[in-house]
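What follows is a set of notes on a single structure, which appears directly below.
Note that the structure is predicted; figures quoted are calculated from it, not measured. Throughout, protein chains are lettered first and strands after them, A, B, ... in sequence-line order, and every chain is numbered starting at 1. Note that these values count all heavy atoms, side chains included, but never hydrogens, waters or copies made by symmetry.
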Amino acid sequence: MNDGIVVNVCMGTGGIAAGGDMVMQEFIKEFETAGVKNATVKEKCRLHKVGCRGFCARDVLVDITVDGQVSTYQYIQPEMVKRLVQEHVLGAKPITEWLVGDDYHVFHDNQTKRVLADLGKIDPESIEEYLGVDGYKAAEKTLTTMKPEEVIQVVKDSGLRGRGGGGFPTGVKWSFCAANKADQRYIICNADEGDPGAFMDRSVVEGNPHAVIEGMIIGAYAIGASVGYVYIRAEYPLAVDRLRLALKHAEERGFLGKKLFGTDFSLKIKVKLGAGAFVCGEETALIASIEGERGMPRAKPPFPANKGLWGKPTIINNVETFANIPQIMNKGAAWYASIGSEKSKGTKVIALTGKIKNTGLIEIPMGMPLKDIIFKVGGGIEGNKLFKAVQTGGPSGGCIPQQFIDLPVDYEGLASVGSMMGSGGMVVLDETDCMVNISKFFLQFTQSESCGKCVPCRIGTKRLLEILTRITEGEGKEGDIELLQQLAEDVRDSSLCGLGMSAPNPVISTIKYFRHEYEAHIKHKKCPAKVCNKLLTFFIREDMCVGCGMCAKACSVNAISGEKKQPHKINNSMCIQCGSCFDACKFSAVLKE
Amino acid sequence: MTNSVAEIAENEALFVIGSNTTENHPIIALRMKEAVANGAQLIVADPRRIPLVKFATLWLRHRPGTDAVLLNAIMNAILAEGLEDKDFIANRTEGYDEFVKSLETFTPEYGQEITGVSAEDIRKAARIFASAKNAGLYYAMGITQHVMGTNNVHAVGNLAMLTGNVGKRAAGVNPLRGQNNVQGACDMGGLPNVYPGYQKVDDPAVKAKFEQAWGKPLSAKIGLPATEMTGAMLSGHLKGLYVFGENPALSDPNTSHSVKAFENLEFLVVQDIFMTETAKLADVVLPGVSFAEKEGTFTSSERRVQRVRKAINSPGNAQLDLDIIDQISKRIEGQGNLSEKPDPAAIFAEVAALWPALAGVSYARLEKESLQWPCPTADHPGTEFLFSENFSREGGKALFTSVPFVASKELPDKEYPYVLTTGRELFHYHTGTQTRRSSGLNAVAPEAFVEVNPVDAEGMGLVDGQKLTVSSRRGSISLKARVSDIVPPQVVFIPFHYSEAAANLLTSDAMDPICKIMEAKVCAVKLELQ
Amino acid sequence: MINLTIDDKQIEVAEGATVLEAARKLNIDIPTLCHDPRLKPYGACRLCIVEIGGMAKPVTSCTTPATNGMVVKTNTAKLYRLRKTTVELLLSDHPNDCMTCIGTGDCKLQELAYAYGIRENRFQGAMRDHNRVDVNPFITREQNKCVMCGLCVRVCEEVQGVGAIGYAERGFEAKVIPPFGHDLKCEFCGQCVSVCPTGALSGRLWSGKPRMAGVKFTDTTCTYCGCGCNITLRSTGDQVIRIDSKPDSHNRGWLCVKGRFGFEFINSADRLTTPLIRRQKGGEFEQATWDEAYDYVAKRLSEIKDKHGADALGGLCSARCTNEENYLFQKMFRARIGTNNVDHCARY
């Protein structure tokens, strides 16, 4: 692959959103134009689309490799393509001012890429390219030379744990399923990524769908499943298209279907689209959804490994878990377990977002300290503000405060401070974030996504949200913190599924670490982070106000008055603290206290 | 029913023929649905797309009146594939060889020709039914109300015997009784040929037993079945009739004929709780009471004897039916006065003493439990399914009966081109004397209708809801059309609950020669737009 | 068989039995709201939670299979607290208008509120407001009283096989409705009404009728088809006001639309209340006393018998009436009149 010239255009959802499609079209056009004049372009130049490499903020990212020398460009737009072709592709002279900077390399160099290794390198729509990186070798080796129980043993030995959130040892789960006597077993890939801000699974399916399929083939063989499903949300159209294409290609090559690799083992994988319910990420709700029922969780036990889809033993693993499997089979359990921490082996893909410089998709070895993720990979806090906390594990994870900045990020580490790994979401918060408000934000999400089946989740989260809302609106009462704590614990302890059990986590952890913020809201009617508008007084600094009148226009209750070109004033008796004036002012003249 | 309702859930295969179970026996149908949920295979044979079809593995849409041929063809296919239960046939049946010979002509292909069900489906049904470990047969009036009703019943029995599905749990031949106490009325001797407990009136030993018990000389002559009473009334042989709790003026096939018969009587007594169509013709009307006002017992389809208890007092001057019968009975012999009150428990004990199968049942036991007969002794738990050891024939073996093809009496022709089949709907019951007086039921099912297949409707320019005149050789009624593929083309269906559009004005009083049932399920009609 | 310990008591149960079933076998009372032994376990109300040795969190006893050596606690302080919170949460979204609610006296939520002594509610907050108009003559829905136990949905699907109702919306606004809110494919069997633990579903026919006080319960047998369902008549004075069936009956408490809702005929104004005699063919009916009627009937029957013989008389007894009545009727014809001309409409 490293002979000649290779142009990679990032065509993940992020890349396409930034214009990747048009950039691609421009390259094709420019190559054709150039090709007419220059034979070497036709022969030597390969243009292809690749999946997301994680740094979507810099899209469209384009790699141009000339004789093994890779140059990565950022923020490429269609109109820039002509010059890239002329100067770099044809002229072999990189355009230095468009290249990525050091931060791009810092971002990548501090990661350990296994699952994401081929993302951004291979064309996800080409099975040949996957085969070119030893694709389907692991499946072939497994099916033709190993017994199912040996496969399970290797996965057990690797220490791989479920990447969907629970962190249950994958090999052990497989062995439970395999131990059941059954005429039919199922394997399901959970690609119903529902956490706001999370896009790990989407990126992997978009960028390397064959790795997931290969992982499923190996898993299906290990547990004896002849039918598999990929449950993927319909809001991921690109991932769905690429997955379907990959399944079609795999079937054409005989990697799926009857008698795989000349063995007696057969596997059919179907795609099932989810309708975007967060709770369908819960495995029993997911099963209900595949069965055609409303996605509502069922009580465990019995666990799906014993009684799952249509009552048959079923294994559900998420995308990332399956994507790890081929590498484990290719390189061995010891190789896999060589990185990571004591109880959490391998790497973890994380969606890093929030008030951080380098937002994007990253992969780190298990056990990497929090501070390395935030300050090395993430490049630190945006706008040089103070780091306050990080919410891990999605909306039902917990908030980890500054004091635990050295915490190793693995299953045990996160759990020890009341948070969780979840599927790998990480939202970084800074000093301008109000923890009560953050807690409310996450509760809003979990409450509206509760399926409504069990009482503590359906009503309990609603009441938690109501109490949080009244606190942020200055209506907090003495005893509200204790009430929140009690109710949060009760909801956690008595809910039916993971959604309800973990929904109170943000409340519990923010009260634990930021109780003073709650007290400020309730006792002093103040929001220390100046976020909760109802607790703020808005006023206009006369020396900053130019009298443009934008604030007065934005005010829906006519509380702002002033002559044109003269400093304006807010009548606080009329003000409803909506914050519109603050957002409307272009001169930072509106202040809140 | 040879078997019990609860056992249905344990069936591996069910064959429902001539029974719209979900509408007519809703609670028995629940067990059928449960069986399906448990993995059982359900075969439904019905010309109409009845609600149970939704749950069926296989739906055989045979032409009305071809049930026996369908069953024969299925049995032919069972034999062709060697799926019969050889042990059962050898050990517990008689008449097999002759029976096998009688089936020879009933190939699945012949079945297809006569019934309209494909030979392939006939074979499929054969395999499903004969391969199941426990398979039950369920039927109702769709089997019996035909001129060849007896044949049909024999064919059902033959299929059960051929596959060894009688005399064991979760199987059997199970006629579903249409009314709450058909079983009990039969058990109690409400039949012209038997005393209580199916003891034959023409058996001298039996007669002697009852003469002794009742202290009266009894007639050895088999009486008239209800269906023949009509003729006897018209001919003047039957001059006085006492109708207790029935409404034959609406429920009899060819009712205008029946009404004439009633009018020809010298004396008609009707004992009922409402002024029914029959009561209106009576010379004396005796107001009885509803089930909520009396003590007694009912016996359900599964031979389960259960208590009926008084909840409220009867209205006005209405009297307990038992008292009325008792008084008239006594006054015929010049005795009786109003202060005498018969005791239901004592009467039940009298029956129990006369019928061994009921000997172990008493009001004392029924206070705590319900019991399925046979229950011969006071410590007997009752019997869930019959014939586990022997059949009730001399020698204890079941007899195969050859069933020839008999066509319905009145088939469609040029003048009357449609087949009319009748039945009930979910929301009403029988002649509607009760349900049409229940506001909710009458609100959801307020009027009569005739189901017409969309193909036929289009052919005659009929739209849903339009009024039609439906006529047969015997009468004519006017009602709204319900255009629906529930019925196949050339077949129409009318529920018989509605006196204002009484389906039985149209139906035929052609009769089965043996059991004297009338052919309410098949007659020829014509449809005319209004 | 499986042996386990519940609240320090040993119990043996069959393979596949749940912890709840085992506890009930020991007569240990565990509160439930969404459980019905006739339906599949559901685990939604979270009231039947128990603590099991080796399990990190309380689990619902209705869904957890009993296993050998299991040690179960059903009544710890922690469980009490969790159950109480659950009941309090339910009440926080409930109209609490028990005085005028049709369910009063027959309401599981009311019993729970009483048992946990909930007068004040810590969680007072927004309440659902499902305004709706139902157009059907049988079932009244008051969805604000729905506790989302799912019994109605499950009975309709699992038992009746109809699936007329399901869930819609998420979170606090989750509710039970027919598909798309209006496509009601209902058989009106009322199974849903019979399993509803609150006043959310009720029979329109018994709306406004006495609930518990002064109501007489009579166990009897349904008068419609041959299924022979056990029913309980509720009456007040001489009015039948409601029909139910007990879950432990052979019909398992299930009834059909006729059996459950078709009882108004009993108290119909059309009921015959006095004997009527038409003394001349073509004449009018005249009211008579019973003595007159009995004697007249006996006289006329005897006359025919004397003139034309016993076989000139016939009787139709009734598949609708009791065994005793039928027995006496045929006995009258056979022994007193002397003919076997007795039949009934078994053939119709």
Side-chain angles (χ1 to χ4, degrees), chain A residues 276-280 284 288 292-302 306-307 311 443-467 469-470 477 479-480 482-484 486-497 499-501 503, chain C residues 18 33-34 40-49 51-52 55-65 67 78-79 81-94 121-128 146-150 153 157 163 166-176:
Chain A
F278 177 63
V279 75
C280 285
T284 58
E293 304 280 321
R294 173 177 161 105
M296 281 171 118
R298 296 166 181 174
K300 297 188 278 191
N306 300 321
K307 245 181 130 181
L443 248 302
Q444 258 161 358
F445 179 81
T446 42
Q447 155 61 208
S448 62
E449 289 292 340
S450 164
C451 76
K453 179 170 174 175
C454 79
V455 179
C457 182
R458 182 179 74 248
I459 310 178
T461 57
K462 172 77 173 176
R463 300 298 176 232
L464 285 171
L465 178 61
E466 284 174 347
I467 299 168
T469 303
R470 75 174 179 238
K477 292 182 285 206
D480 271 356
E482 292 70 24
L483 187 60
L484 274 175
Q486 284 172 17
L487 181 55
E489 285 169 21
D490 291 353
V491 171
R492 178 193 66 194
D493 292 344
S494 58
S495 285
L496 168 63
C497 83
L499 195 159
M501 290 179 196
Chain C
T18 63
L33 197 55
C34 73
K40 288 182 197 147
Y42 191 57
C45 74
R46 319 306 292 170
L47 286 166
C48 73
I49 48 172
E51 291 187 274
I52 296 177
M55 290 197 188
K57 277 184 182 170
V59 293
T60 42
S61 57
C62 69
T63 59
T64 307
T67 55
K78 173 168 187 157
L79 293 172
R81 169 180 150 173
L82 293 176
R83 287 175 188 153
K84 186 175 177 186
T85 296
T86 298
V87 176
E88 226 175 318
L89 285 171
L90 281 169
L91 290 171
S92 75
D93 184 29
H94 197 84
N121 197 316
R122 293 173 292 164
F123 308 122
Q124 225 47 278
M127 312 232 301
R128 290 165 299 164
C146 173
V147 292
M148 289 289 288
C149 64
V153 175
E157 178 66 39
Y167 307 98
E169 310 287 341
R170 289 183 205 160
F172 189 65
E173 295 298 328
K175 61 183 173 184
V176 173

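Residue A:Thr461 does not touch chain C at all, counting heavy-atom pairs closer than 4.5 Å. In this structure, chain A has heavy atoms under 4.5 Å from both the backbone and the side chain of C:Ala126. Looking at C:Glu88, neither its backbone nor its side chain comes within 4.5 Å of chain A, counting heavy atoms on both sides. Residue contact with chain C, scored on non-hydrogen atoms closer than 4.5 Å, involves the backbone and the side chain of A:Ser494 alike. In this structure, chain C has no heavy atom under 4.5 Å from any part of A:Arg298. C:Lys78 touches chain A through its side chain: at least one heavy atom from C-beta onward sits under 4.5 Å away, while N, CA, C and O do not. Heavy atoms closer than 4.5 Å to chain A are found nowhere in C:Arg128, neither backbone nor side chain. Only the side chain of A:Glu466 comes within contact range of chain C, with at least one heavy atom under 4.5 Å from a heavy atom of that chain. In this structure, chain A has no heavy atom under 4.5 Å from any part of C:Glu157.
Atom CZ of C:Arg170 is separated from atom CE of A:Met296 by 11.0 Å, given to the nearest 0.5 angstrom. Here A:Arg463 contributes atom CZ and C:Thr85 contributes atom OG1; the two are 13.0 Å apart, rounded to the nearest 0.5 Å. Taking CE of C:Met148 as the start and SG of A:Cys451 as the end, the distance is 7.5 Å to the nearest 0.5 Å. Rounding to the nearest 0.5 Å gives a distance of 5.5 Å between CG of C:Leu89 and CG of A:Leu487.
Between chain C and the residues A:Pro302, A:Gly452, A:Pro297, the largest count of heavy-atom pairs under 4.5 Å involves A:Gly452. Ranked by heavy-atom pairs under 4.5 Å with chain A, the first of C:Cys45, C:Pro65, C:Pro58, C:Ala168 is C:Ala168. The residue among C:Val147, C:Ile49, C:Leu79 with the most heavy atom pairs within less than 4.5 Å of chain A is C:Val147.
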When you look at C:Arg81 and A:Gln486, which way does the side-chain contact (heavy atoms from CB on, under 4.5 Å) test go after all the steps? CA-CA 10 Å; C:Arg81 169 180 150 173; A:Gln486 284 172 17; 3.9 Å; yes
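Residues C:Leu90 and A:Ile459 meet the side-chain proximity criterion, which asks for heavy atoms closer than 4.5 Å. With a 4.5 Å cut-off on side-chain heavy atoms, C:Lys57 and A:Arg492 count as touching. Considering only heavy atoms from C-beta on, C:Thr60 stays 4.5 Å or farther from A:Leu496 through its side chain.
Under a 4.0 Å N-O distance rule, the pair A:Lys462/C:Asp93 does not qualify as a salt bridge.
Taking the ring-ring contact (aromatic ring centres under 6.0 Å, His included) definition, one finds that C:Phe172 meets it with nothing, sequence neighbours left out. Applying the ring-ring contact (aromatic ring centres under 6.0 Å, His included) rule to C:Phe123 yields no partners; only residues at least two apart in sequence or on another chain are considered.
In this structure, A:Lys453 forms a cation-pi arrangement with C:Tyr42, its terminal cationic atom sitting closer than 6.0 Å to the ring centre and no more than 45° off the ring axis.
Heavy-atom contacts from other residues, nucleotides or ligands closer than 6.0 Å to NZ of A:Lys307 number 12 or fewer.
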